[in-house]
Amino acid sequence: MRLSKALVTGVTSLALLTAVTGCGSDSAADKDGSSSGKPSAGAEAGKTGLPSAKTLREVQAFISGAGLPCDNLTDDEGAKGTPAEGFLGPADQHDDEDSRRKADAWAISKSGFCGETRSDTGGWVIYLPKDMKTFQENYRNKAQEAAKDGGWKGKLARGKFYFGADFVLDPTNYRASKTLLESGLLMENCDPNFKAPEGYRTQDALASGCVLTNYLADPLDQ
């Protein structure tokens, strides 16, 4: 496990933060009757109404089904095309105590990457949390700390991650964000003053004080 700037320094630089989500549920592949066992982009799961994908390859199928390129799926942080800073995975026997503690705080069971960081569309870091509530709460806490330290208490309006019922995506290119939301994923907003504009979806997040929404704030309005 290499502790990633995408999760750590990425969070601390979040002046416009607030994302995370999800709850576990049955695989969407069982819902759409797909003979391949892979969920489609529109597949939904359980009471959350969020797409479900329980393996890296199922998430790859979801991204591809949304019309986004997700080639070269890998769990190797050093593979060609992956973010230069790597991505966070579960702790292993080679990690020191501090690295283990930081990794455990995110409760990630597996992580991977597909796409191409340097392409026009970018790529996607994929996280499969073993405890989505823990992931949400840890991100909320770090987002609030970063916002407080940076003086952005009133601007926790846009998060970093996009969430299904049991997986999390971190896009390396902002251009794909709306496509992910249109495919059923939601972002977590922890701004206590947030109110989604009419016509947008909101529901309770697992982290108290936060909601899940498909409203994507324009950074130029913040």
Side-chain angles (χ1 to χ4, degrees), residues 1-11 19-31 36-39 43-65 70 72-79 82-83 85-115 123-143 159-172 180 183-188 205-207 210 212:
M1 183 281 296
R2 178 170 55 185
L3 199 57
S4 157
K5 292 180 182 177
L7 270 174
V8 183
T9 58
V11 168
V20 197
T21 148
C23 340
S25 58
D26 295 336
S27 170
D30 297 331
K31 304 290 183 181
S36 68
K38 296 179 180 179
E44 292 192 345
K47 296 179 180 179
T48 65
L50 296 172
S52 176
K54 298 182 180 298
T55 68
L56 293 179
R57 291 207 179 278
E58 286 187 352
V59 178
Q60 180 186 35
F62 171 84
I63 296 171
S64 298
C70 185
N72 306 319
L73 179 67
T74 181
D75 60 1
D76 179 3
E77 299 171 23
T82 59
E85 65 271 19
F87 47 84
L88 185 66
D92 58 36
Q93 68 273 20
H94 302 296
D95 294 323
D96 58 31
E97 184 176 348
D98 184 57
S99 294
R100 284 176 177 272
R101 178 179 56 78
K102 291 177 179 178
D104 290 344
W106 290 100
I108 295 169
S109 63
K110 195 170 183 62
S111 58
F113 181 85
C114 68
W124 295 270
V125 179
I126 302 167
Y127 296 111
L128 301 177
K130 54 189 174 184
D131 186 336
M132 188 67 80
K133 182 177 181 180
T134 296
F135 189 105
Q136 286 189 40
E137 291 177 339
N138 191 56
Y139 184 76
R140 177 202 60 194
N141 294 342
K142 291 186 177 299
K160 177 180 177 60
F161 300 118
Y162 297 76
F163 298 84
D166 33 34
F167 66 96
V168 182
L169 294 182
D170 179 7
T172 63
L180 295 175
S183 299
L185 302 186
L186 297 178
M187 304 174 65
E188 184 175 354
L206 290 177
C210 304
L212 308 183

> If every non-hydrogen atom of Phe167 is compared with every non-hydrogen atom of Leu128, which pair is closest and at what distance?
Replying inline: CB-CD2, 3.7 Å

> Considering only heavy atoms from C-beta outward, does the side chain of Ser183 approach that of Leu180 to under 4.5 Å?
Replying inline: no

> What distance do Glu85 atom CD and Glu77 atom CD have between them, rounded to the nearest 0.5 Å?
Replying inline: 10.5 Å

> Roughly how far, to the nearest 0.5 Å, is CH2 of Trp124 from CD of Gln60?
Replying inline: 11.0 Å

>> Under 4.0 Å between a side-chain nitrogen and a carboxylate oxygen: does that hold for Arg101 and Asp98?
In response: yes

>> Could you check whether any side-chain heavy atom of Thr172 comes within less than 4.5 Å of a side-chain heavy atom of Phe113, counting everything from C-beta outward?
In response: yes

> Quick one: does Val59's side chain get under 4.5 Å of Ile63's, heavy atoms only?
Replying inline: yes

> Would you say Leu212 and Leu50 make side-chain contact, with heavy atoms under 4.5 Å?
Replying inline: yes

> How far apart are the closest heavy atoms of Ala205 and Gln136, and which atoms are they?
Replying inline: CB-OE1, 3.4 Å

> Under 6.0 Å between ring centres, would you say that holds for Tyr139 and Phe161?
Replying inline: yes

>> Please give me the minimum heavy-atom distance between Gly164 and Met132, naming the atom from each residue.
In response: O-CE, 4.0 Å

>> Rounded at 0.5 Å granularity, tell me how far NZ in Lys142 sits from CD in Glu137.
In response: 13.5 Å

> Are the side chains of Pro129 and Thr134 in touch, meaning some heavy atoms are under 4.5 Å apart?
Replying inline: no

> Do Leu56 and Leu73 come within less than 4.5 Å of each other through their side chains, counting heavy atoms only?
Replying inline: yes

> Ignoring hydrogens and geometry, is there a side-chain-to-backbone donor-acceptor pair from Ser111 to Ile126 under 3.5 Å?
Replying inline: no

>> With heavy-atom distances below 4.5 Å as the criterion, would you say the side chains of Pro51 and Leu185 are in contact?
In response: yes

> Would a 4.5 Å heavy-atom cut-off, applied to side chains only, mark Trp106 and Tyr127 as touching?
Replying inline: no

>> Could you report the tightest heavy-atom contact between Ser64 and Cys70, atom names first, then the distance?
In response: OG-CB, 3.8 Å

> Hey, are Lys54 and Asp166 close enough for a salt bridge, meaning a charged N less than 4.0 Å from a carboxylate O?
Replying inline: yes

